[in-house]
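Scroll down for the structure; my scribbles are underneath it.
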Amino acid sequence: MVTVRFRDHSNFTYKDLLDLNDRDKSYASPLSVICHIDLNAFFAQCEQLRLGLAESDPVVCVQWNALIAVSYAARDYGITRMDRLEQAKLKCPHLIPAHTAVFKKGEPLWKYVDYVPSPINHKVSLDPYRREGKKVLNIFRENCDLVEKASVDESFMDLGRLIFAKIIELFPSLLDGMKDRTDELPKLDSIPESIDYKGFIINKSDELEPEPAIIGDSEEKNNIEFLVEDWDDLVTLIGSMICFDLRKKVEKILGYKTSGGIGRAKTIAKLASGFKKPDQQTIIRNDAIPNFLKHFKLSDFWSFGGKTGNYISEQLGEMSISSISKNYKTPIELAKLLDNNIELANKIFKIVRGELHDPITEKEQIKTMGANKNFRGKSVCNTNDLLPWINVFIGELILRIQDLDEENNTTLRPVKLTLGATSTTGVRHSKQCTISQPPKDYNQLRELFHTLSRDLLRNLEKLWGDAPMYPIVNASLTSSTFVDLTSFNTLDDLMSTVQKRKLDPTDVERNIPSSPPPLPIPKKKKYTIDSFLTEKKTSSDQSSTLNNSDENPPLEETSSDITDTKCPDCDEFIPSEEFQTHKDFHLAMALETKLNKEFEESYGEKLLKKGRSSAKTSKKFSKNQTKLPF
DNA sequence: TACTCACAG
DNA sequence: GGCTGTGAGTA
């Protein structure tokens with residue numbers, strides 16, 4: 001399958017090879033190999049595995065009546081993401097629609113519900129998919145020292161060090177012959193039989209018709225020979241083996257099917273991974289890049305899908321990739337047609353030649369974390385309608401911050417909080433404030449978010465002036481500028497480092513929780529079924545509001561007598577004597593959700609005998625200094 | 001710093 | 001289409 005027929009003189013030097021072993025240089029080496037791995041119909045796969053279904057079951061992931069992911073089994077019935085649920089059911093009567101997890105209005109925790117949720121009093125939670133995506137990412141990080149998460153379901157990897165290690169293992173004496181780094185790499189007569197490519201090769205002059213996807217078609221190669229004429233072919237070949245290995249690890253440990261792309265640059269790898277789906281990978285040899293690219297449009301490249309892409313094709317006229325690279329010999333020629341935007345011209349010039357060699361960068365730190373919801377009709381037409389949703393937002397943010405901490409073993413806290421809303425008239429405003437002393441304690445943070453967001457809301461409402469703000473069609477709460485409190489022991493530490501700016505005195509005052517109220521939802525504690533039952537029994541026995549609140553929290557109707565206390569979790573006004581009972585209800589809810597989650601997780605693990613639990617990658621990534629094999 | 005826009009998946 | 005995220009641009 002692999003034919004070795006080396007040129008007399010290699011186009012590459014020892015330096016090119018050695019650079020692969022350097023995280024900062026490998027992407028720029030002419031021998032660099034990047035792979036891109038994409039989880040196919042990810043949300044649908046998550047639901048399929050969560051529900052213990054087979055790959056052949058026609059699962060779709062549903063949000064209200066829309067399909068947000070269609071499994072490949074469902075695609076066989078002609079179902080696409082454009083279909084509404086009803087249309088999809090007509091196409092496939094035994095369709096399995098799985099709705100996303102949801103937050104109920106006023107509640108701070110998401111869960112999977114056993115009824116069809118309505119957008120009027122629910123908010124979709126994509127948290128389960130983020131968590132699964134993170135597990136996949138961790139597998140990549142454990143096996144590759146340079147991973148760039150491109151989105152929840154796709155990553156780029158720089159395979160330089162892995163390939164370098166493999167080459168040294170195969171040819172231990174390779175570097176002995178080196179006198180100077182600029183020396184030409186030696187000729188190879190043969191390579192060990194154990195080395196064989198994985199995936200579909202794109203060659204110099206193939207007809208490239210991606211064959212239709214076949215479920216269960218896991219044949220991972222087209223039966224053609226891989227011609228190794230120089231070192232770039234060999235590194236690509238080894239890259240395909242590594243990419244395959246990474247993908248199979250994900251499948252074995254977590255159960256997810258992926259597609260992969262292997263190529264010299266990110267743009268090439270990305271287009272390659274989309275070429276054959278699902279559960280396939282595509283190899284782009286360097287000499288095949290022009291042939292591969294001619295089947296794409298400029299708008300197929302990342303960042304050219306929208307307005308800039310339109311602008312470019314307006315200026316240049318609709319043109320294929322190959323004709324752009326043929327017609328314009330220099331970036332200057334291109335820039336002339338692009339309002340002298342030389343930067344853009346340069347980028348296009350490189351992209352059409354497959355020569356845009358951007359580095360793989362680890363997204364060091366989260367920048368923003370937001371929660372938002374679109375409202376239908378006039379379901380939110382005053383402050384009281386909005387408050388329960390803000391509580392949902394807060395609950396969601398706190399949960400995610402908690403996850404973030406557990407995941408990275410850090411204490412990341414946002415220093416900014418932004419509340420935004422769009423009114424029916426299409427006018428959008430937002431208001432943000434600074435959190436000068438973000439507490440480590442989640443309950444205190446929750447309380448702080450409550451006070452701050454209410455302040456923000458008051459200020460936000462003013463921004464509309466005389467124009468009516470309500471009803472609104474969207475609201476969002478975003479936290480940003482995360483700082484790691486782990487290293488700060490005192491407030492002074494934090495203040496001196498984070499807040500060099502002058503502080504608004506009212507800000508400072510606001511940010512100290514007036515009286516940190518002990519919230520009933522406890523933090524990390526092991527719950528037993530017994531304690532769960534006891535808690536729940538107590539609350540249901542005593543609380544008359546429990547049954548009401550379960551499906552339809554009587555939020556607005558509740559009287560707001562001054563003697564009543566507003567529950568910070570759901571904004572209901574609760575008579576003081578009932579307050580503790582009411583709190584217990586929330587506690588029970590929290591426990592129930594937690595238990596559901598734990599059950600689901602361990603159940604899922606059992607389903608996949610190979611042990612999904614091993615993805616609980618406790619191994620910590622030391623931020624920027626991964627140990628290299630050499 | 002506060003806010004908007006464009007883009008992606 | 002609904003939802004979440006990032007980065008650039010603008011006063």
Side-chain angles (χ1 to χ4, degrees), chain A residues 36 38-44 61-70 80-85 87-88 99-103 110 117-119 122-131 133 148-156 270 273-274 277 299-312 341 343-344 361 363-376 389 392-393 396-397 400 404 414-422 426-435 456 459-460 462-464 473-482 499-504 507:
Chain A
H36 179 264
D38 194 310
L39 290 138
N40 311 128
F42 184 42
F43 294 4
C61 180
V62 174
Q63 174 177 52
W64 317 139
N65 281 314
L67 310 186
I68 56 174
V70 181
T80 74
R81 263 173 49 135
M82 288 304 120
D83 287 316
R84 310 246 76 194
L85 183 54
Q87 300 167 300
H99 200 283
T100 63
V102 288
F103 290 92
W110 57 260
S118 146
H122 295 82
K123 177 195 182 315
V124 162
S125 169
L126 302 180
D127 237 56
Y129 312 129
R130 266 193 294 271
R131 292 183 178 194
E148 176 177 329
K149 175 187 170 186
S151 76
V152 67
D153 62 356
E154 55 180 314
S155 297
F156 289 101
K270 163 97 177 157
S273 75
K277 295 195 286 189
S299 59
D300 292 329
F301 288 91
W302 195 81
S303 87
F304 291 123
K307 287 203 171 180
T308 41
N310 283 339
Y311 161 77
I312 295 167
N341 187 338
E343 216 170 306
L344 182 62
T361 54
K363 296 282 175 326
E364 22 12 278
Q365 216 213 261
I366 185 163
K367 285 173 183 150
T368 68
M369 184 191 283
N372 84 84
K373 167 152 178 76
N374 293 345
F375 304 112
R376 309 200 168 183
W389 289 116
V392 170
F393 294 162
E396 182 171 2
L397 292 182
R400 286 176 57 191
L404 206 62
V415 187
K416 267 195 221 162
L417 195 65
T418 309
L419 183 69
T422 310
V427 180
R428 180 171 182 87
H429 285 301
S430 65
K431 191 80 187 168
Q432 64 178 261
C433 69
T434 308
I435 307 171
L456 286 172
N459 288 317
L460 186 63
K462 286 181 200 154
L463 279 181
W464 264 267
V473 294
N474 172 279
S476 68
L477 187 67
T478 304
S479 53
S480 53
T481 322
F482 284 77
Q499 298 292 330
K500 294 233 163 81
R501 63 182 202 88
K502 56 184 182 331
L503 283 164
D504 176 0
D507 253 9

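Just so it is clear: chains get the letters A, B, ... in the order the sequence lines come, proteins before strands, and each one is counted from 1.
As rounded to whole Å, 10 Å separates atom P of C:dT4 from atom CG of A:Asp127. Rounded to whole angstrom, the span from the CG atom of A:Asn474 across to the C1' atom of C:dC3 amounts to 10 Å. As rounded to whole Å, 11 Å separates atom P of C:dG1 from atom CZ of A:Arg376. Between the CZ atom of A:Arg84 and the P atom of C:dG1 there is a distance of 8 Å, given to the nearest Å. For A:Lys123 and C:dC3, the NZ to P distance is 7 Å, given to the nearest whole Å. Rounded to whole Å, atom C1' of C:dG1 lies 7 Å from atom CE of A:Met82. C:dC3 atom C1' lies 6 Å from atom CG of A:Asn372, rounded to whole Å. Taking atom CD of A:Gln63 as the reference point, atom C1' of C:dG2 lies 4 Å away to the nearest angstrom.
Remark: A:Lys431 engages no residue in a side chain to side chain donor-acceptor pair (under 3.5 Å) (not counting sequence neighbours). Partners of A:Glu148 under the side chain to side chain donor-acceptor pair (under 3.5 Å) rule, at least two apart in sequence or in another chain, are A:Lys266, A:Thr361, A:Lys363. For A:Phe375, the ring pair (Phe, Tyr, Trp, His ring centres under 6.0 Å) criterion is met by A:Trp389, not counting sequence neighbours. Not counting sequence neighbours, A:Trp302 has no partner by the ring pair (Phe, Tyr, Trp, His ring centres under 6.0 Å) test. Scored by the side chain to side chain donor-acceptor pair (under 3.5 Å) test, A:Ser476 finds A:Arg428 as partners (sequence neighbours excluded). Partners of A:Phe43 according to the ring pair (Phe, Tyr, Trp, His ring centres under 6.0 Å) rule, which considers only residues two or more places apart in sequence or in another chain, are A:Tyr129.
The heavy-atom pair separating A:Ala44 from A:Val70 by the smallest distance is CB-C, 4.1 Å.
Here salt bridge (Lys or Arg N to Asp or Glu O under 4.0 Å) pairs that include residues 299-308 of chain A, with residues two or more places apart or in two chains, are A:Lys297-A:Asp300.
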Heavy-atom protein contacts under 4.0 Å, nucleotides 6-11 of chain C, coded B base, S sugar-phosphate only, - none: BS----
Under 4.0 Å protein heavy-atom contact, by nucleotide of nucleotides 2-9 of chain B - B base, S sugar-phosphate only: SSS-SSSS
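Using a cut-off of 4.0 Å between Lys/Arg side-chain N and Asp/Glu carboxylate O, A:Arg130 and A:Glu396 are scored as salt-bridged.
Neither OP1 nor OP2 of C:dG1 sits under 4.0 Å from any side-chain N or O of A:Asn374.
Using a 4.0 Å heavy-atom distance criterion, A:Arg81 is classed as a base contact.
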